[in-house]
Amino acid sequence: MAVKLRRRALIQENLVIIIFLAVVHCFVIWLIVEYTQYGNTIAWIKGNNIGGSPQKIVLELKVANGVNLSHQRIKPRSSEHRYRDTSIGDSLETFLMDCRQRALVHGYFRPYKGYLTIALPAVRRLNGSTRLVEDTLNSLIVSTLTKNVPKILIVVFLLTDDPVWTEKTGNQLYDKYKEHVDKGFVQIVRGHRNGLSKLFPFPASENSEERQRQAENLHYLNIMAYAKNLSSYLLLLDEDVRCQSNYIQKIFGFIQANTKPNRVWFVLNFSHSNLMGQLTKTSDLLKAIKLLIVLRYDVTYETLIDYIRALRGQPKKCQIKYPPFRYANMKRKTFLHKNFTQS
(Lines give C-alpha, C1' and ligand atoms only; values in the text may rest on other atoms or scores of the structure.)
Protein backbone atom coordinates (compact mmCIF):
# COMPACT_ATOMS: atom_id res chain seq x y z
CA MET A 1 0.00 0.00 0.00
CA ALA A 2 2.82 2.39 0.89
CA VAL A 3 4.54 1.59 -2.42
CA LYS A 4 1.37 2.46 -4.38
CA LEU A 5 1.03 5.75 -2.52
CA ARG A 6 4.63 6.72 -3.23
CA ARG A 7 4.19 5.80 -6.90
CA ARG A 8 0.99 7.87 -7.14
CA ALA A 9 2.69 10.85 -5.46
CA LEU A 10 5.61 10.58 -7.91
CA ILE A 11 3.24 10.55 -10.89
CA GLN A 12 1.42 13.59 -9.53
CA GLU A 13 4.69 15.47 -9.09
CA ASN A 14 5.72 14.66 -12.66
CA LEU A 15 2.35 15.84 -13.99
CA VAL A 16 2.68 19.11 -12.10
CA ILE A 17 6.16 19.66 -13.56
CA ILE A 18 4.96 18.88 -17.10
CA ILE A 19 1.97 21.23 -16.77
CA PHE A 20 4.21 23.99 -15.38
CA LEU A 21 6.69 23.63 -18.25
CA ALA A 22 3.86 23.66 -20.81
CA VAL A 23 2.45 26.87 -19.32
CA VAL A 24 5.88 28.52 -19.38
CA HIS A 25 6.40 27.41 -22.99
CA CYS A 26 3.04 28.84 -24.07
CA PHE A 27 3.78 32.10 -22.24
CA VAL A 28 7.14 32.47 -24.03
CA ILE A 29 5.49 31.83 -27.42
CA TRP A 30 2.80 34.41 -26.62
CA LEU A 31 5.47 36.98 -25.77
CA ILE A 32 7.25 36.34 -29.07
CA VAL A 33 4.09 36.63 -31.16
CA GLU A 34 2.71 39.63 -29.27
CA TYR A 35 5.76 41.86 -28.91
CA THR A 36 8.17 41.09 -31.73
CA GLN A 37 8.51 42.00 -35.38
CA TYR A 38 7.71 38.40 -36.31
CA GLY A 39 4.35 38.48 -34.55
CA ASN A 40 3.35 41.84 -36.03
CA THR A 41 4.05 40.57 -39.51
CA ILE A 42 2.02 37.38 -38.96
CA ALA A 43 -0.97 39.49 -37.96
CA TRP A 44 -1.05 40.95 -41.46
CA ILE A 45 -0.28 37.96 -43.67
CA LYS A 46 -2.43 35.50 -41.74
CA GLY A 47 -5.13 34.09 -43.97
CA ASN A 48 -3.16 34.55 -47.19
CA ASN A 49 -1.66 31.05 -47.05
CA ILE A 50 1.86 32.52 -47.14
CA GLY A 51 4.63 31.09 -45.07
CA GLY A 52 7.80 32.80 -43.94
CA SER A 53 8.84 36.33 -43.06
CA PRO A 54 8.47 39.44 -45.27
CA GLN A 55 12.15 39.13 -46.21
CA LYS A 56 11.53 35.62 -47.49
CA ILE A 57 8.50 36.78 -49.47
CA VAL A 58 10.53 39.61 -51.00
CA LEU A 59 13.25 37.15 -52.01
CA GLU A 60 10.65 34.90 -53.63
CA LEU A 61 9.27 37.88 -55.53
CA LYS A 62 12.73 38.85 -56.77
CA VAL A 63 13.51 35.31 -57.87
CA ALA A 64 10.18 35.11 -59.70
CA ASN A 65 11.09 38.29 -61.56
CA GLY A 66 14.51 37.01 -62.67
CA VAL A 67 16.70 38.82 -60.14
CA ASN A 68 20.01 37.07 -59.46
CA LEU A 69 20.46 36.78 -55.70
CA SER A 70 23.73 34.85 -55.69
CA HIS A 71 25.79 37.95 -54.85
CA GLN A 72 23.25 39.75 -52.71
CA ARG A 73 23.30 39.82 -48.94
CA ILE A 74 20.18 40.00 -46.86
CA LYS A 75 20.40 43.24 -44.93
CA PRO A 76 19.09 43.06 -41.38
CA ARG A 77 16.17 45.30 -40.54
CA SER A 78 17.60 48.07 -38.40
CA SER A 79 14.39 50.13 -38.07
CA GLU A 80 11.25 48.76 -36.50
CA HIS A 81 8.90 51.09 -38.39
CA ARG A 82 9.18 49.10 -41.62
CA TYR A 83 6.84 46.31 -40.56
CA ARG A 84 5.26 47.63 -37.42
CA ASP A 85 1.72 46.92 -36.37
CA THR A 86 -0.66 49.66 -37.56
CA SER A 87 -2.88 49.15 -34.49
CA ILE A 88 -6.05 48.63 -36.52
CA GLY A 89 -6.09 44.83 -36.37
CA ASP A 90 -9.46 43.28 -37.15
CA SER A 91 -11.01 46.73 -37.61
CA LEU A 92 -9.27 47.18 -40.98
CA GLU A 93 -12.55 46.87 -42.85
CA THR A 94 -14.17 49.61 -40.75
CA PHE A 95 -11.07 51.76 -41.07
CA LEU A 96 -11.16 51.50 -44.88
CA MET A 97 -14.85 52.39 -44.96
CA ASP A 98 -14.20 55.48 -42.87
CA CYS A 99 -11.36 56.55 -45.19
CA ARG A 100 -13.65 56.10 -48.19
CA GLN A 101 -16.23 58.45 -46.69
CA ARG A 102 -13.58 61.13 -46.18
CA ALA A 103 -12.11 60.67 -49.65
CA LEU A 104 -15.26 61.55 -51.59
CA VAL A 105 -15.14 65.11 -52.97
CA HIS A 106 -18.14 65.12 -55.35
CA GLY A 107 -20.77 62.44 -55.90
CA TYR A 108 -22.70 60.01 -53.74
CA PHE A 109 -22.70 56.31 -52.90
CA ARG A 110 -25.37 54.25 -54.58
CA PRO A 111 -27.60 52.15 -52.30
CA TYR A 112 -26.68 48.98 -54.22
CA LYS A 113 -23.52 47.24 -55.36
CA GLY A 114 -22.66 47.79 -59.00
CA TYR A 115 -21.04 45.45 -61.50
CA LEU A 116 -17.91 47.38 -62.52
CA THR A 117 -15.92 50.25 -60.98
CA ILE A 118 -13.55 52.03 -63.38
CA ALA A 119 -10.67 53.74 -61.55
CA LEU A 120 -9.25 56.72 -63.43
CA PRO A 121 -6.15 58.30 -61.77
CA ALA A 122 -5.43 61.96 -62.54
CA VAL A 123 -2.11 63.61 -61.69
CA ARG A 124 -1.35 67.31 -61.31
CA ARG A 125 0.29 68.80 -64.40
CA LEU A 126 2.53 71.84 -64.64
CA ASN A 127 -0.02 73.87 -66.57
CA GLY A 128 -2.88 72.75 -64.32
CA SER A 129 -4.73 71.27 -67.28
CA THR A 130 -7.25 68.46 -66.83
CA ARG A 131 -7.68 67.86 -70.56
CA LEU A 132 -6.27 64.31 -70.49
CA VAL A 133 -8.63 63.02 -67.82
CA GLU A 134 -11.52 64.90 -69.45
CA ASP A 135 -10.82 63.27 -72.81
CA THR A 136 -10.82 59.85 -71.17
CA LEU A 137 -14.01 60.63 -69.25
CA ASN A 138 -15.71 61.80 -72.45
CA SER A 139 -14.68 58.61 -74.22
CA LEU A 140 -16.09 56.44 -71.41
CA ILE A 141 -19.34 58.40 -71.12
CA VAL A 142 -20.04 58.40 -74.86
CA SER A 143 -19.20 54.69 -75.17
CA THR A 144 -21.42 53.56 -72.28
CA LEU A 145 -24.96 52.64 -73.24
CA THR A 146 -27.76 54.09 -71.11
CA LYS A 147 -28.89 50.62 -70.00
CA ASN A 148 -25.39 49.93 -68.60
CA VAL A 149 -25.03 53.18 -66.63
CA PRO A 150 -26.57 51.73 -63.40
CA LYS A 151 -24.01 48.89 -63.53
CA ILE A 152 -20.94 51.11 -64.06
CA LEU A 153 -19.21 53.58 -61.72
CA ILE A 154 -16.36 55.82 -62.91
CA VAL A 155 -14.15 57.12 -60.08
CA VAL A 156 -11.67 59.92 -60.81
CA PHE A 157 -8.80 59.84 -58.27
CA LEU A 158 -7.02 63.19 -57.86
CA LEU A 159 -3.51 61.99 -57.00
CA THR A 160 -1.81 64.87 -55.23
CA ASP A 161 -1.04 66.04 -51.70
CA ASP A 162 -2.02 69.63 -52.60
CA PRO A 163 -5.48 70.30 -51.09
CA VAL A 164 -5.85 73.56 -53.03
CA TRP A 165 -5.36 71.83 -56.39
CA THR A 166 -7.65 68.98 -55.32
CA GLU A 167 -10.48 71.35 -54.43
CA LYS A 168 -10.04 73.50 -57.54
CA THR A 169 -9.78 70.58 -59.95
CA GLY A 170 -12.62 68.73 -58.26
CA ASN A 171 -14.89 71.73 -58.64
CA GLN A 172 -13.92 72.15 -62.30
CA LEU A 173 -14.68 68.51 -63.09
CA TYR A 174 -17.93 68.65 -61.14
CA ASP A 175 -19.12 71.75 -63.02
CA LYS A 176 -18.39 70.04 -66.34
CA TYR A 177 -19.83 66.59 -65.47
CA LYS A 178 -22.50 67.66 -62.97
CA GLU A 179 -25.24 65.63 -64.65
CA HIS A 180 -23.26 62.39 -64.50
CA VAL A 181 -21.99 63.03 -60.96
CA ASP A 182 -25.45 63.81 -59.60
CA LYS A 183 -26.92 60.58 -60.96
CA GLY A 184 -24.13 58.45 -59.43
CA PHE A 185 -22.35 57.55 -62.66
CA VAL A 186 -19.16 59.54 -61.85
CA GLN A 187 -17.42 60.22 -58.53
CA ILE A 188 -14.53 62.60 -57.86
CA VAL A 189 -12.21 61.48 -55.06
CA ARG A 190 -9.08 62.71 -53.34
CA GLY A 191 -6.55 59.92 -53.77
CA HIS A 192 -4.05 61.03 -51.14
CA ARG A 193 -3.87 61.81 -47.41
CA ASN A 194 -7.38 60.69 -46.54
CA GLY A 195 -6.45 58.58 -43.52
CA LEU A 196 -4.78 55.65 -45.27
CA SER A 197 -1.48 57.53 -45.29
CA LYS A 198 -1.20 56.60 -41.59
CA LEU A 199 -0.35 53.10 -42.80
CA PHE A 200 2.40 54.54 -45.00
CA PRO A 201 4.65 56.78 -42.87
CA PHE A 202 7.38 58.63 -44.72
CA PRO A 203 10.58 58.09 -42.71
CA ALA A 204 13.31 60.61 -43.47
CA SER A 205 15.96 57.88 -43.52
CA GLU A 206 14.62 56.23 -46.68
CA ASN A 207 16.26 56.97 -50.03
CA SER A 208 14.47 58.75 -52.89
CA GLU A 209 13.75 55.54 -54.80
CA GLU A 210 12.02 53.97 -51.82
CA ARG A 211 10.03 57.16 -51.15
CA GLN A 212 8.84 57.23 -54.75
CA ARG A 213 7.83 53.57 -54.64
CA GLN A 214 6.12 54.14 -51.31
CA ALA A 215 4.16 57.10 -52.69
CA GLU A 216 3.04 55.06 -55.71
CA ASN A 217 1.99 52.17 -53.47
CA LEU A 218 -0.01 54.62 -51.34
CA HIS A 219 -1.91 55.71 -54.46
CA TYR A 220 -2.67 52.10 -55.38
CA LEU A 221 -3.73 51.39 -51.81
CA ASN A 222 -6.15 54.32 -51.90
CA ILE A 223 -7.64 53.10 -55.18
CA MET A 224 -8.11 49.52 -53.99
CA ALA A 225 -9.43 50.50 -50.57
CA TYR A 226 -11.92 53.00 -51.99
CA ALA A 227 -13.25 50.66 -54.69
CA LYS A 228 -13.38 47.55 -52.53
CA ASN A 229 -17.14 47.42 -51.84
CA LEU A 230 -18.56 49.57 -54.63
CA SER A 231 -18.85 46.89 -57.35
CA SER A 232 -18.05 43.28 -58.07
CA TYR A 233 -15.06 44.15 -60.28
CA LEU A 234 -12.43 46.90 -60.39
CA LEU A 235 -10.86 48.07 -63.66
CA LEU A 236 -7.73 50.25 -63.56
CA LEU A 237 -7.44 52.73 -66.42
CA ASP A 238 -5.19 55.74 -66.98
CA GLU A 239 -5.29 59.27 -68.31
CA ASP A 240 -5.22 59.84 -72.07
CA VAL A 241 -7.07 56.59 -72.87
CA ARG A 242 -9.65 55.99 -75.57
CA CYS A 243 -12.13 53.13 -75.49
CA GLN A 244 -14.19 51.34 -78.11
CA SER A 245 -17.93 51.77 -78.31
CA ASN A 246 -18.48 48.13 -77.28
CA TYR A 247 -15.97 48.09 -74.42
CA ILE A 248 -18.58 47.00 -71.85
CA GLN A 249 -19.67 44.03 -73.97
CA LYS A 250 -16.05 42.96 -74.39
CA ILE A 251 -15.45 43.15 -70.64
CA PHE A 252 -18.63 41.22 -69.80
CA GLY A 253 -17.87 38.56 -72.40
CA PHE A 254 -14.25 38.06 -71.32
CA ILE A 255 -15.25 37.74 -67.66
CA GLN A 256 -17.85 35.10 -68.53
CA ALA A 257 -15.37 33.23 -70.74
CA ASN A 258 -12.89 32.99 -67.86
CA THR A 259 -15.42 32.32 -65.11
CA LYS A 260 -15.80 28.60 -65.60
CA PRO A 261 -15.48 25.54 -63.35
CA ASN A 262 -11.87 24.58 -62.60
CA ARG A 263 -10.60 27.90 -64.02
CA VAL A 264 -9.06 30.26 -61.45
CA TRP A 265 -8.06 33.85 -62.14
CA PHE A 266 -7.04 36.84 -60.05
CA VAL A 267 -6.50 39.48 -62.73
CA LEU A 268 -7.69 39.91 -66.34
CA ASN A 269 -5.97 42.28 -68.76
CA PHE A 270 -7.89 44.47 -71.18
CA SER A 271 -4.81 46.18 -72.60
CA HIS A 272 -1.37 45.17 -73.84
CA SER A 273 0.06 47.38 -71.09
CA ASN A 274 1.20 45.59 -67.93
CA LEU A 275 -0.88 47.85 -65.66
CA MET A 276 -3.44 49.83 -67.64
CA GLY A 277 -6.59 47.79 -68.22
CA GLN A 278 -6.15 45.41 -65.28
CA LEU A 279 -9.39 44.00 -63.90
CA THR A 280 -9.65 42.29 -60.49
CA LYS A 281 -12.44 40.95 -58.32
CA THR A 282 -13.19 43.28 -55.43
CA SER A 283 -13.60 40.23 -53.18
CA ASP A 284 -9.84 39.64 -53.57
CA LEU A 285 -8.78 43.19 -52.77
CA LEU A 286 -8.59 42.88 -48.98
CA LYS A 287 -5.77 40.33 -49.20
CA ALA A 288 -3.94 42.54 -51.71
CA ILE A 289 -4.38 45.53 -49.39
CA LYS A 290 -2.94 43.65 -46.41
CA LEU A 291 0.05 42.43 -48.41
CA LEU A 292 0.69 45.92 -49.78
CA ILE A 293 0.66 47.34 -46.25
CA VAL A 294 3.19 44.74 -45.10
CA LEU A 295 5.50 44.93 -48.13
CA ARG A 296 5.07 48.62 -48.94
CA TYR A 297 8.80 49.37 -48.92
CA ASP A 298 10.07 46.36 -50.83
CA VAL A 299 7.80 45.61 -53.80
CA THR A 300 6.07 47.49 -56.57
CA TYR A 301 2.36 47.18 -57.21
CA GLU A 302 3.02 45.32 -60.46
CA THR A 303 5.22 42.74 -58.71
CA LEU A 304 2.65 42.31 -55.96
CA ILE A 305 -0.15 41.65 -58.47
CA ASP A 306 1.98 39.06 -60.30
CA TYR A 307 2.80 37.37 -56.99
CA ILE A 308 -0.85 37.16 -55.90
CA ARG A 309 -1.81 35.90 -59.35
CA ALA A 310 0.62 33.00 -58.95
CA LEU A 311 -0.43 32.51 -55.33
CA ARG A 312 -4.08 32.17 -56.31
CA GLY A 313 -3.20 29.50 -58.86
CA GLN A 314 -3.75 31.50 -62.05
CA PRO A 315 -1.42 29.65 -64.42
CA LYS A 316 -0.72 32.45 -66.90
CA LYS A 317 -1.62 35.99 -67.85
CA CYS A 318 -5.19 36.22 -69.14
CA GLN A 319 -5.23 38.92 -71.81
CA ILE A 320 -8.02 39.71 -74.23
CA LYS A 321 -7.04 39.25 -77.87
CA TYR A 322 -8.37 42.59 -79.12
CA PRO A 323 -8.12 45.11 -76.24
CA PRO A 324 -10.93 47.70 -76.04
CA PHE A 325 -8.61 50.38 -74.57
CA ARG A 326 -5.62 52.19 -76.07
CA TYR A 327 -3.48 55.23 -75.29
CA ALA A 328 -4.10 58.31 -77.43
CA ASN A 329 -0.43 59.36 -77.25
CA MET A 330 2.27 56.86 -76.35
CA LYS A 331 4.89 59.57 -75.77
CA ARG A 332 2.85 61.53 -73.24
CA LYS A 333 3.70 60.89 -69.59
CA THR A 334 0.84 59.54 -67.46
CA PHE A 335 0.47 57.97 -64.02
CA LEU A 336 0.92 54.35 -65.11
CA HIS A 337 4.05 53.02 -66.77
CA LYS A 338 3.49 52.39 -70.46
CA ASN A 339 5.39 49.11 -70.60
CA PHE A 340 3.74 46.63 -72.91
CA THR A 341 3.76 42.86 -73.01
CA GLN A 342 3.93 40.77 -76.16
CA SER A 343 0.48 40.45 -77.69
Side-chain angles (χ1 to χ4, degrees), residues 86 92 95-96 98-105 107 117-126 130 132-133 136-137 153-167 169-170 173 187-203 206 208-230 234-241 267 271 273-280 282 284-308 327 332-339:
T86 55
L92 177 60
F95 182 76
L96 297 180
D98 180 61
C99 291
R100 190 177 73 179
Q101 294 287 341
R102 286 181 285 175
L104 185 64
V105 178
T117 297
I118 300 176
L120 183 58
V123 298
R124 180 182 179 182
R125 307 205 167 266
L126 294 178
T130 57
L132 296 184
V133 67
T136 304
L137 263 175
L153 173 62
I154 303 173
V155 183
V156 180
F157 290 89
L158 304 178
L159 302 182
T160 179
D161 56 355
D162 184 354
V164 176
W165 181 87
T166 299
E167 182 178 0
T169 304
L173 292 175
Q187 292 181 359
I188 303 171
V189 173
R190 61 173 61 89
H192 194 81
R193 299 297 178 187
N194 56 14
L196 284 170
S197 56
K198 294 179 180 179
L199 305 180
F200 277 68
F202 286 82
E206 304 296 341
S208 59
E209 182 180 349
E210 283 192 327
R211 286 199 300 269
Q212 180 181 358
R213 182 168 63 245
Q214 182 190 35
E216 291 179 354
N217 286 348
L218 174 58
H219 291 322
Y220 288 118
L221 175 66
N222 275 277
I223 292 173
M224 289 191 296
Y226 186 87
K228 181 183 176 302
N229 293 318
L230 297 179
L234 170 64
L235 177 70
L236 179 63
L237 282 190
D238 197 4
E239 293 181 298
D240 201 28
V241 171
V267 59
S271 170
S273 173
N274 288 349
L275 293 178
M276 198 271 285
Q278 280 192 350
L279 182 138
T280 54
T282 55
D284 291 333
L285 291 183
L286 187 59
K287 291 183 179 180
I289 289 170
K290 288 182 178 180
L291 273 176
L292 190 58
I293 292 173
V294 172
L295 304 175
R296 59 190 179 270
Y297 296 95
D298 298 293
V299 298
T300 63
Y301 172 79
E302 181 181 0
T303 304
L304 179 69
I305 292 299
D306 288 340
Y307 180 76
I308 299 177
Y327 279 108
R332 187 177 287 122
K333 184 178 180 181
T334 58
F335 172 67
L336 299 178
H337 302 294
K338 294 182 179 179
N339 47 339

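Note that this is a predicted model, so its numbers are computed, not measured. Numbers here simply count residues along the sequence, with the first being 1. We use all heavy atoms of the structure for the numbers below, so side chains are in, but hydrogens, waters and symmetry mates are not.
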Say you draw a straight line from [atom1] of [X] to [atom2] of [Y]; how long is it, rounded to the nearest 0.5 Å?
X	Y	atom1	atom2	result
Ile223	Leu234	CD1	CG	8.0 Å
Leu173	Ile188	CG	CD1	5.0 Å
Leu236	Met224	CG	CE	10.0 Å
Thr166	Leu158	OG1	CG	5.5 Å
Arg124	Asp162	CZ	CG	4.5 Å
Met276	Gln278	CE	CD	11.0 Å

Atom of [X], atom of [Y] and distance for their closest heavy-atom approach:
X	Y	answer
Leu159	Pro121	CD1-CB, 3.5 Å
Ala122	Trp165	O-CH2, 4.2 Å
Gly277	Ser271	CA-CB, 4.2 Å

Just by distance, do the side chain of [X] and the backbone of [Y] share a donor-acceptor pair under 3.5 Å?
X	Y	result
Thr130	Val133	no
Thr117	Leu153	no
Arg190	Glu167	no

Quick one: are [X] and [Y] in side-chain contact, heavy atoms under 4.5 Å?
X	Y	value
Ser273	Leu336	no
Ile289	Leu221	yes
Glu239	Val123	yes
Asp284	Lys287	no
Thr280	Leu285	yes

Applying side-chain contact (heavy atoms from CB on, under 4.5 Å), run through Tyr327 and Thr334 and close with a yes or a no. CA-CA 10 Å; Tyr327 279 108; Thr334 58; 4.0 Å; yes
Step-by-step side-chain contact (heavy atoms from CB on, under 4.5 Å) determination, Gln187 to Val156: CA-CA 6 Å; Gln187 292 181 359; Val156 180; over 6 Å; no
Look at the rings of Phe335 and Tyr220 and say which category their plane angle falls in: under 30° parallel, 30 to 60° tilted, over 60° perpendicular. tilted
Checking Leu230 against Thr282 for the side-chain contact (heavy atoms from CB on, under 4.5 Å) test, could you report, in this order, the C-alpha distance in whole Å, the side-chain angles of both residues, the deciding distance, and whether it holds? CA-CA 8 Å; Leu230 297 179; Thr282 55; over 6 Å; no
Please test Asp240 against Asp238 for side-chain contact (heavy atoms from CB on, under 4.5 Å), starting from the C-alpha separation and ending with a verdict. CA-CA 7 Å; Asp240 201 28; Asp238 197 4; over 6 Å; no
